[in-house]
Participant: 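If you scroll down you'll find the structure; I have some questions about it.
Throughout, protein chains are lettered first and strands after them, A, B, ... in sequence-line order, and every chain is numbered starting at 1.
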Number of protein chains: 2
Amino acid sequence: MTNYKPTESELEILSILWEFGPSTVKFVNDKLNEKKEVGYTTTLKIMQIMFDKKLISREKLGRSHIYKSKIKKDETQGILLEKILETAFSGSASKLIMQALGRSKTSKKEIEEIKKYIEKIERGQDGAQ
Amino acid sequence: MTNYKPTESELEILSILWEFGPSTVKFVNDKLNEKKEVGYTTTLKIMQIMFDKKLISREKLGRSHIYKSKIKKDETQGILLEKILETAFSGSASKLIMQALGRSKTSKKEIEEIKKYIEKIERGQDGAQ
DNA sequence: CTTAAACTACGAAACTTTTCGTAATTTGAT
DNA sequence: ATCAAATTACGAAAAGTTTCGTAGTTTAAG
């Protein structure tokens, strides 16, 4: 189950759980609806499927369930990046990174963070070759 | 039609067209089969669908067609990154970049490229390429 | 000109994911 | 204890994507 790539809808739900922590279906559905219209039972159904797939766990509270992500944000991000890296960037991380740098309005602060991170990599164990 | 996010299969085909230039179905199918088994008519069908969607154009040569991507690699990469950025990285490009740097065995040469690119951005004009 | 091989066209099945309606259940409030 | 509102359960339709078989067309080669 590690290495599972969530579907689009699943990912949207996971994002909310990652950002806001354990939540009810109602809360998740409200959040989703800030971006686009989604029916309540649609969200419920997908969360039930995710529960069956063990992507999320739940706990009963009052008459509702509180759902919680069982998979880690970092791992999932990694899986998604890996996938996109292979299929769209022929495995070249630098191309991906430059695309990301180029197209986003990355703030100076963010760029500083990235530079620091690179320095850290260069000092420590460096990459292949 | 700009901002179209290709399906998984479509993307695999586009990658081949981007890498090798205009190609026949046979060529594309052979390339695909280097990674996983795919039937010839499956590839054909998907390319026909892509043609209908105007993702690719074609030209008759002998008894076959030569297909060519109509959408740009950079743009498509951008669309895919944008999507993943929104859904998995809550819009933070720096987080995405650090994840990418962190998890890949990025070579020194690649890191140098990235550093140069960052310096270029810092000097002034951002915007890609 | 004939024909076998190479290709294309295309419907339909098989899957996967999302959406939705309806019924059943639970519980907080009276 | 009752019941309306909140919530869950779940089947099935709808939508999207991939796979495949078969039939039809085209053309290179004799």
Participant: Do Phe51(B) and His65(B) make a side-chain contact, defined as non-hydrogen atoms from C-beta onward lying under 4.5 Å apart?
Facilitator: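 Answer no - side chains too far apart.
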Participant: I'd like a list of close polar pairs between nucleotides 15-17 of chain D and the protein, N/O only, cut-off under 3.5 Å.
Facilitator:
none

Participant: Identify whether the distance between the nearest side-chain nitrogen and carboxylate oxygen of Glu122(B) and Lys115(B) falls below 4.0 Å.
Facilitator: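 The answer is no: the pair does not qualify as a salt bridge.
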Participant: State whether a side-chain donor-acceptor pair under 3.5 Å links Tyr4(A) with Glu75(A).
Facilitator: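 Distance-only check fails for Tyr4(A) and Glu75(A).
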Participant: Is the phosphate of dT19(D), meaning OP1 or OP2, less than 4.0 Å from a side-chain N or O of Tyr40(B)?
Facilitator: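 For dT19(D), neither OP1 nor OP2 has a side-chain N or O of Tyr40(B) closer than 4.0 Å.
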Participant: Distance alone, cut at 3.5 Å: any donor-acceptor contact between the side chains of Glu112(B) and Tyr117(B)?
Facilitator: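 Side chains of Glu112(B) and Tyr117(B): no pair found under 3.5 Å.
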Participant: May I ask you to decide if Ser107(B)'s main-chain N or O and Glu110(B)'s side chain share a donor-acceptor pair within less than 3.5 Å?
Facilitator: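 Such a contact is found between Glu110(B) side chain and Ser107(B) backbone.
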Participant: Run through Thr41(A), Thr42(A), Thr43(A) and flag the one making a side chain to side chain donor-acceptor pair (under 3.5 Å) with Asn29(A).
Facilitator: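 Result: among Thr41(A), Thr42(A), Thr43(A), Thr43(A) is the only option passing the side chain to side chain donor-acceptor pair (under 3.5 Å) with Asn29(A).
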Participant: Linking directly or through intermediates, with side-chain heavy atoms under 4.5 Å: list the remaining ILVMFWY members grouped with Ile49(A), chain and number order.
Facilitator: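 Members alongside Ile49(A): none; it stands by itself.
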Participant: For DNA chain C, which residues of residues 57-68 of chain B approach it to below 4.0 angstrom with any heavy atom?
Facilitator: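 Heavy-atom cutoff 4.0 Å gives Arg58(B), Arg63(B), Ser64(B), His65(B).
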Participant: Using the side-chain heavy atoms of Val25(A), tell me which of these nucleotides is nearest: dC20(C), dT8(D), dT18(C).
Facilitator: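 Output: dT8(D).
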Participant: Is a donor-acceptor pair below 3.5 Å formed from side chain Lys45(A) to base dG21(C), judging by atom type as modelled?
Facilitator: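 Per atom types, no contact qualifies.
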Participant: Start at the 5' end of DNA chain C and walk down; is the nucleotide closest to Leu44(B) or to Thr43(A) reached first?
Facilitator: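 Its nucleotide being nearer the 5' end, the pick is Leu44(B).
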Participant: Could you state the CG-C1' distance from Asn29(A) to dC20(C), rounded to the nearest angstrom?
Facilitator: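 It works out to 13 Å between those atoms.
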